[in-house]
There are 2 protein chains.
Amino acid sequence: MKEPDPSSPLTLKDIARQAGVSLATVDRVLHNRPGVRPDTVRRVREAIERNSFQPHVAAAELARSRARRFAFVMPSGPNLFMMQIQSYLGEMAGWLSARRLAVEVIATDVFDPSVLAASLESLIGGDYDGVAVVALDHPSVRAAVNDLVDAGTKVVTLVSDVPSSRRNHYIGIDNIAAGRTAGALVGRLVGPRSGKVAIVAGSQGLRDHAERIFGFNQVISSEFSNLEVLPVLEGRDEDERSEQMLSRLFGKHPDIVGLYNAGAGTQGVAKALGDSGCEKQVVFVGHDVTVLTRKLLLQGVMDAAISQNPGHEARAAVRVLLSLARGEPILIEQEKIRIDIVMRDNLP
Amino acid sequence: MKEPDPSSPLTLKDIARQAGVSLATVDRVLHNRPGVRPDTVRRVREAIERNSFQPHVAAAELARSRARRFAFVMPSGPNLFMMQIQSYLGEMAGWLSARRLAVEVIATDVFDPSVLAASLESLIGGDYDGVAVVALDHPSVRAAVNDLVDAGTKVVTLVSDVPSSRRNHYIGIDNIAAGRTAGALVGRLVGPRSGKVAIVAGSQGLRDHAERIFGFNQVISSEFSNLEVLPVLEGRDEDERSEQMLSRLFGKHPDIVGLYNAGAGTQGVAKALGDSGCEKQVVFVGHDVTVLTRKLLLQGVMDAAISQNPGHEARAAVRVLLSLARGEPILIEQEKIRIDIVMRDNLP
DNA sequence: CTGTTAGCGCTTTCAA
DNA sequence: TTGAAAGCGCTAACAG
């Protein structure tokens, strides 16, 4: 068995010597560059295999000596979760500059497909090595993503995906599974009581929200026959609107026992819940750990938050873009974003 | 404000020129090496500050050109969780050798303090740059850890800590909080019913198990007065023993509604639960996601698993050892291990 | 198709 | 106390 020689002080030169060729040729083979006779390729490959040779990344990086530029296209609104991602990007400043990496955050109205698409198109030729984008699943956005990819820019979608595009990677959670998790929590925590469940979302037009609700309903309807799901309220992620709609709903249905907030606007949702006077009887599950949801969890108003680690997402996006740009393999396991269940006692 | 110049193509040479000194002097200042006049130090420091200069890690790494050796001291038994950590270390092979890093796994009886201590002592002078150890909190182990640290080796404790030692870092969860989380889950999922709760642990002598149980009791006794905690069963993480003890307990107490397994031996615990015939009425919470607990979660036998991501722990341990060895700052946020709540729908 | 060679930005002797 | 210079292992021109 070929053991990856632990103390491998092997270098390109050693491989070159073993294969009876020059440094440059080994380099060509290593990077699948053209202009090498098939037979030579084979000899070099063999030498590489035989020694399970791994080129020294630091040396490669240094020799390439190219600064990389990445753009992060993010929503311009005051979304707490998105601001957390940006803040974690900020914390990486030192790490980034020690690697000669620059990331620029570009704020855009990601909820308007044409604006977002235009924003992306404008990056073409902007000399970016990679772009991370909180995407909206819409044909024009998909086209813009594909154009970027065709222009040679690496693209990762962040938090919200455009699966039909040719983006190189998606950094975010499986939102259907997240919705299912929320559903299971509401169902289990409500217990044997029967009653109605209210759902608030930003908009069902947003792919992630729609998927969460889909997963939620799936679980409730198949496993918790004691619960009846009420029609989704679309609060547009706005506090006031969410509050008004939900208050009205509480007025109409005194037998609400569960509440699922699939989007933002948590402030308003919590307000409506508080005003309804059934804070303690209603199981309330929402998304993301922010200063607000943290407080609600500690107060016992909120029972659980489904969350995706914003710091992890920020770092994973950068690392993946970097690996893609360098043509290095990605540690999928490391870059996978988990669905976290956060309750009072395991608040991060 | 000093903005970290994004396109910073600044090098040591630039700083040297600005400060009116040579490369070597800047390097000395950068690494706090002696032999530089205080005044010169100041000038250089200023130039560095002024440009918020960050040395290029790849260049530094290459120039240093030193292979690093790390040792992972892990339990020799057939513990699924520990095997997962080792397997993730294995997956990093390519990543490691591309950075000229070697990690060796050393299996030891970590449950015997003297054996573990001896094992650690034997690493002194073994030319290791860093050691990760699944530690047992015992005076002789503490001494061994301190000896290693004194010998210049960086030490991180993994999964199980020795807080009183001078280990450089702990990679693992807060076990009290983990126990609290388990308690809250059991309490919430049991609902309004009253009854008894059984606890199984490997040994209360193990710090992590003891802490989990402490946290668990804390929550149950203060918030779930409908539940009565039974004396802890010590199953030594062995399937058979755990099964026997638990079966006996089920026989004695027909009103058990909750079950918390703070350690391993899950196979036996599940068996006893199944045989008792109250699989469906008893809320069962345990630790770690393994092939076994995954199956139990899917079957609905287990309701939740409190878990610490073994892949993350493996990678974090390596990264932290590396940063410590290089004297680079650690991204604490990135290396912090979270307490994951895993239920059927958010299984990783 | 293949080889030679000049760096990349830092570290580390060795002199001064 | 300081500086000059020789690499570290790889990449990318440029020659052949």
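Naming convention: chains lettered A, B, ... in sequence-line order (proteins, then strands); numbering from 1 in each chain. Quantities reported herein were computed from a predicted structural model and do not represent experimental measurements.
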In Å and rounded to the nearest 0.5 Å, what is the CD1 to CZ distance from Ile15(A) to Arg50(A)? 8.0 Å
Rounded to the nearest Å, what distance is computed from the CZ atom of residue Arg17(B) to the P atom of nucleotide dC10(C)? 13 Å
If we ignore hydrogens and angles and just use 3.5 Å, is the side chain of Arg28(A) paired with the main-chain N or O of Arg33(A) as donor and acceptor? no
So, Arg326(B) and Glu61(B), do they make that salt bridge, N to O below 4.0 Å? yes
Taking only residues two or more places apart in sequence, or in another chain, which ones meet Asp161(B) in a side chain to side chain donor-acceptor pair (under 3.5 Å)? Thr157(B), Arg167(B)
According to a strict under-4.0 Å criterion, is Thr25(B) in side-chain N/O contact with OP1 or OP2 of dT2(D)? no
Both Val36(B) and Ser65(B) contact DNA chain D. Taking the nearest nucleotide for each, which residue is further toward the 5' end? Val36(B)
Distance in angstrom units between Arg43(A) CZ and dT2(C) C1', rounded: 11 Å
Reading nucleotides 10-16 of chain D 5' to 3', which nucleotides get B (base under 4.0 Å from a protein heavy atom), which S (sugar-phosphate only), which -? BBS----
Using a cut-off of strictly less than 4.0 Å, decide whether Thr40(A) has a side-chain nitrogen or oxygen near OP1 or OP2 of dC1(C). no
Separation of dC8(C) atom C1' from Asp14(B) atom CG, nearest Å, is 13 Å
Less than 3.5 Å apart, any donor N or O on the side chain of Tyr128(B) or Glu104(B) sitting next to an acceptor on the other? yes
Rounded to whole Å, please give me the gap between CG in Leu62(A) and C1' in dA6(C). 13 Å
Under the 3.5 angstrom rule, does the side chain of Ser122(A) hit a backbone N or O of Ser119(A) as a donor-acceptor pair? yes
Over the length of the helix from dC1(C)-dG16(D) to dA16(C)-dT1(D), how much do the five-pair end axes diverge, rounded to 10 degrees? 40°
Single hit among Leu158(B), Asn168(B), Leu123(B) for side-chain contact (heavy atoms from CB on, under 4.5 Å) with Val131(B): Leu123(B)
Single hit among Val320(A), Leu321(A), Val159(A) for side-chain contact (heavy atoms from CB on, under 4.5 Å) with Ile171(A): Val320(A)
Side-chain donor/acceptor of Ser160(A) to backbone N/O of Val134(A), under 3.5 Å: no
Quick one: is Ser22(B) getting a side-chain N or O under 4.0 Å of the dG3(D) phosphate, OP1 or OP2? yes
